[in-house]
Every structure is written in C-alpha cells, then in structure tokens.
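Written out below as structure tokens is the structure these notes cover.
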Protein chains: 2
Amino acid sequence: MSIADRKEREKEQRQRDIIDAAEKLFFSRGYDNVSMEEIAEEVELSKGTLYLYFKDKEALFFAIVLRGARILNAKYSECSRLKITGLNKIRAMGHGIIEFSQGYPNYFRMLSYSGSERFCNVDNDDAKEILELTNRNISLMREAFEQGMKDGTVRDDINPLEMALYLCITSLSIMNLDPRWKKALKAAEINQDRFIEDFRRFIGPSIESSRKANAAFSTSDM
Amino acid sequence: MSIADRKEREKEQRQRDIIDAAEKLFFSRGYDNVSMEEIAEEVELSKGTLYLYFKDKEALFFAIVLRGARILNAKYSECSRLKITGLNKIRAMGHGIIEFSQGYPNYFRMLSYSGSERFCNVDNDDAKEILELTNRNISLMREAFEQGMKDGTVRDDINPLEMALYLCITSLSIMNLDPRWKKALKAAEINQDRFIEDFRRFIGPSIESSRKANAAFSTSDM
DNA sequence: ATCTCTTATGACTACGAGTCATTAAACAAT
DNA sequence: ATTGTTTAATGACTCGTAGTCATAAGAGAT
C-alpha cells in the first residue's frame, strides 16, 4: 500500500515539476513562443514523457491557469467572509483583484488569455474547474451586492447578478489592457496604477446607493 | 502610363480578392483553424502567390481587421459631428459601438482578437493604421467628454481622456464577452442584448453630471 | 521573333505538435 | 539472486502548416 502511495506522490511531484517548468517558460516568453521540446528540456525529461502527464499543450496551459484561478478565488472568498457592509465587501473584492493582478501579473495575464478566442474549443477537467471557480467568484460578488442592497449601501435598481458581472468584467478589462490601450495610456502619460486607482473613483457612482439624492436627475433612460 | 495604371488596379483587385477569401474563411472557422493553403484554394491561387501580396498570415489577418477598424471609426466620426450635447454624443457613440458589434460581429470579434496576447509582437503597416484609428476614436470620445463638461451634462471631476478610455475599454469588454462569461449569462438566463442595454443604465451614473445632487454622498474615496 | 520584366507556381525546408514501438527501471514472485 | 511483470520514459517518427525559392509562364517592349 505504502509503495503505491509513494508512487502516487512521485507522480504528482513529476506533474508539478512539469507545470513549474512550463510556467517559467510561458511566463517569460508567452505560450505561443514556447515549444513542448523546450519545456521537456527545462524539466529534464523527453517530450514524449510530457504527454504521459498532460493530454496536450493546452492541457498543460490550463493547469497553470488553474493555479492562478485558485489564488484569485481564495482572495474573493476572504473578502466575502469579512464582517462589513455590502458596499465595502465589493470595494474589498475590487481591491483583491488589484492585488492579484499586481502580485501575480503572469497568472493574471494567462487567466485572461485563457478566455480568448484562441482557447474557445478547449474542454478539459482543469478548464471545467476554472469555469467553476469563475462562477463561484461571480456568486460571491452577487451576494455582496444583495447584502449591499439590503443594508442600503448599494443601488437597488439593477439585478445584483448583472451588476456583479459588470463589475467583474469591466475590472478585469481595465487591469489587463491590451497593448493598444497601453500605448494610448503611455502617450497620455498616465501611469497604469494611477489609471486603475482612478477607475474605482469612476465606477463608484454606478454602484453606490444614491437614488434619493439623485432622483431629480433620473438616469434610468441612459 | 495607362498600362501601368491598369496593372496597379489589377494588383489591388487581387489583393482585395485574397482578403475577401481569407475573411470568409476566418469568419466562419477562426484564424487559427484556417491554413494559408485553404485560403489559396478559396481564391484560386497558389499558396506562394499569397506571399507576394502579404508578408505573412498575420499581415493578412490585420488587413481584415483594418477593414473593421475603419468602419468603427467612421461611426465614431459620424457621432462626433452631431450637433447635440456632450452627454448625448457619448450616448450616440455608445450606441455606435453596439451597432457595430451587432452589424459586423465578425469584424468586431477579430478586432478584439487582434488586441490579444496572440498578436502582441506584430508590427506591420496595417497594425499601425489600426492603432492610429483607435487613437482617433479615443480622441473623439475625449472631445465629447470635454464638451459635456463644458455644457454641464457630464461629471467634471475626472480627466476626460481617462473617462474616454474607461468607457471605450469597458464597453468593448461588455460587448465581446469571453466564452466563460457568456456561459455565466446563459446559466442566469440573461439575454445578451438585454445585458448590453442594461450596461448603459449601469454605467450612466459614472458619466452623467450629478455632483450637486450627489454632494452629500461623496464617492471620491471609493 | 526575341528579349525582359513581372507574376505565378508548387516542390521544398523548417519546425513544432502529438504518437508509438522500443527500452529501461522498478517491483513482485519464487 | 533470478526471472517475470508492470509501469515509466524515450526519441525517432508522422503529420500538418508557415514560409521560401528556383523555375515557368506570360505580358509587354524592341
């Protein structure tokens, strides 16, 4: 029994070693510019061996993305457990995404890339788990919106799930700018961290409760 | 002279024919699932000939994306010339993006894809023109924000260029959802057109002027 | 009729993903 | 220890595709 256990552990370690090697190379040179042969060299195995552990290159990629997705989900869960108002939970989650994108920029980039057209056909276990984690994040944010609606800190005229989606999607797109927008920012001499900070100030009024003060200037038909 | 002219015209026509063929195939099956050989067959030329007209597959891709970028820019320009308030220009531009994404979904998709990590290394004349058009769109929207600040229809506590970027980036990301978000929408039984419409209602308060009514509930430290 | 210059061709190279028959190594049984 | 069996690893192989290039075809000039 112990031998089978050890073999199991060794197998998992090999798998981790392969992911580590691939991660190192993908992070530094990008998924499309790294060959399986190079990953094999990095981890000191033959190319064929990689395929004993991963169905194909995409599966290896998604194993890495999954690591990132787990980190992000852990942050969201943390925020959701705080004993604060709904609005503040949402703020905390926003801060969480920023921390993630700055603390793990490569995971963040790959998480975004994994959602691009390039990978729209993939269907493996890790991709399913990533989807699952994504859905859980949305739910956590939806719950924060629902709480905020109850405690009066968040506007209550839009479906909380929709708001959660808006906030997730827009936040991610602001933090993972494509090269064209980055160039535009640079040309305008706007620092990227500053840009992200200002976004919180920009998006605030779309979230916060201000119906009463705002009633005279109804925005419902924008 | 006339002969050289005719040859020039023929050459341009060939180029268009090739772009047409590639477009047809890319639209229906995606850039990564179409080979140069197939494009050559579609346009009834040999593969080698394609390379007389386009440096590589990416250059051909960007020629298609450029078509889309020009259409979108035309829409923005149109909106910018309207004689209406700044806020309404911004609304018109928002509507313009929606029209573009619904009227030319394939150009829209490819325009988004061209900004992904997949193509971050490309550097050809068409890519430069696309960048140029993108910058012009941002400027048009910035001008609308500036006008709106002057005429009092738009909030004036954030840099207009930044606001233009926020609105462009977030709008595009909402309209070109990656598969994971699409699944989440479907699971929640939210229609995608509805989702886009509601976004306008969601984002409104972040744009519209409501400082006076809102002063008691300052949002500046979100 | 011949020459020249442009355009087109398809066989060819290079490269990378993924496969598979073979080998090596670990473990089990005697 | 010896032999057999199962599992893990290998690298040579196939296959598909991007991109090249020597060669051919053809249009226009002389």
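Just so we're on the same page: letters track the sequence lines, and every chain starts at 1. Since we're looking at a predicted model, the values are computed, not measured.
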Can you tell me if CD on A:Glu10 sees more than 12 non-hydrogen neighbours from other groups inside 6.0 Å?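 Yes, enclosed.
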
Between C:dG18 and A:Lys47, counting only base atoms on the nucleotide and side-chain atoms on the residue, is there a donor-acceptor pair under 3.5 Å? yes

What is the distance from [atom1] of [X] to [atom2] of [N], rounded to the nearest Å?
| X | N | atom1 | atom2 | value |
| --- | --- | --- | --- | --- |
| A:Phe61 | C:dG16 | CZ | P | 19 Å |
| B:Leu50 | D:dT17 | CG | P | 15 Å |
| B:Glu12 | C:dT7 | CD | P | 12 Å |
| A:Glu44 | D:dA8 | CD | C1' | 17 Å |
| B:Glu10 | D:dG26 | CD | C1' | 12 Å |
| B:Tyr51 | C:dA11 | OH | P | 17 Å |

Strictly below 4.0 Å, N to O, side chains only: are B:Asp20 and B:Lys24 in salt-bridge contact? no

So A:Arg70 and A:Glu129, salt bridge (Lys or Arg N to Asp or Glu O under 4.0 Å) or not? Walk me through it. CA-CA 9 Å; A:Arg70 282 179 172 152; A:Glu129 191 175 338; 2.7 Å; yes

Taking it one step at a time, do B:Lys89 and B:Gln147 satisfy side chain to side chain donor-acceptor pair (under 3.5 Å)? CA-CA 9 Å; B:Lys89 270 192 194 173; B:Gln147 184 193 331; 2.8 Å; yes

Would you please classify the geometry between the A:Tyr113 ring and the A:Tyr31 ring as parallel, tilted or perpendicular, with 30° and 60° separating the classes? perpendicular

Would you tabulate the side-chain donor-acceptor contacts of residues 71-82 of chain A under 3.5 Å, counting partners in other chains and residues two or more places apart, or write 'none'?
| unit_1 | atom_1 | unit_2 | atom_2 | d |
| --- | --- | --- | --- | --- |
| A:Asn73 | ND2 | A:Asn137 | OD1 | 2.6 |
| A:Lys75 | NZ | A:Glu99 | OE1 | 3.2 |
| A:Ser77 | OG | A:Asn73 | O | 3.0 |

With a 4.0 Å heavy-atom cut-off, tell me which residues in [range] come close to DNA chain D, sorted by residue number.
| range | answer |
| --- | --- |
| residues 27-41 of chain B | B:Val34, B:Ser35, B:Met36 |
| residues 109-125 of chain A | none |
| residues 52-60 of chain A | A:Leu52, A:Tyr53 |

So, B:Ser206 side chain and A:Phe202 main chain: donor-acceptor pair closer than 3.5 Å or not? yes

Look at B:Thr49 and C:dA8 and indicate whether a side-chain polar atom (N or O) is within less than 4.0 Å of OP1 or OP2. no

Is there any ring pair (Phe, Tyr, Trp, His ring centres under 6.0 Å) pair reaching into residues 178-198 of chain B, and which pairs are they, with sequence neighbours excluded?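 Of all non-adjacent pairs touching residues 178-198 of chain B, those that pass ring pair (Phe, Tyr, Trp, His ring centres under 6.0 Å) are A:Tyr166-B:Phe195.
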
Do A:Tyr104 and A:Phe100 have their ring centres less than 6.0 Å from each other?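 Aromatic pair counts; centres sit under 6.0 Å.
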
Under 3.5 Å side-chain donor-acceptor pair for A:Asn121 and A:Glu58: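 Note: A:Asn121 and A:Glu58 side chains miss the donor-acceptor criterion.
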
Pair listing, side-chain hydrogen bond (donor to acceptor under 3.5 Å, both in side chains) test, anchored in residues 47-57 of chain B, at least two apart: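 Residue pairs with at least one partner in residues 47-57 of chain B: B:Ser46-B:Thr49.
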
Residue B:Arg14, side-chain heavy atoms: nucleotide from C:dA8, D:dT10, D:dG19 that is nearest: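 The answer is C:dA8.
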
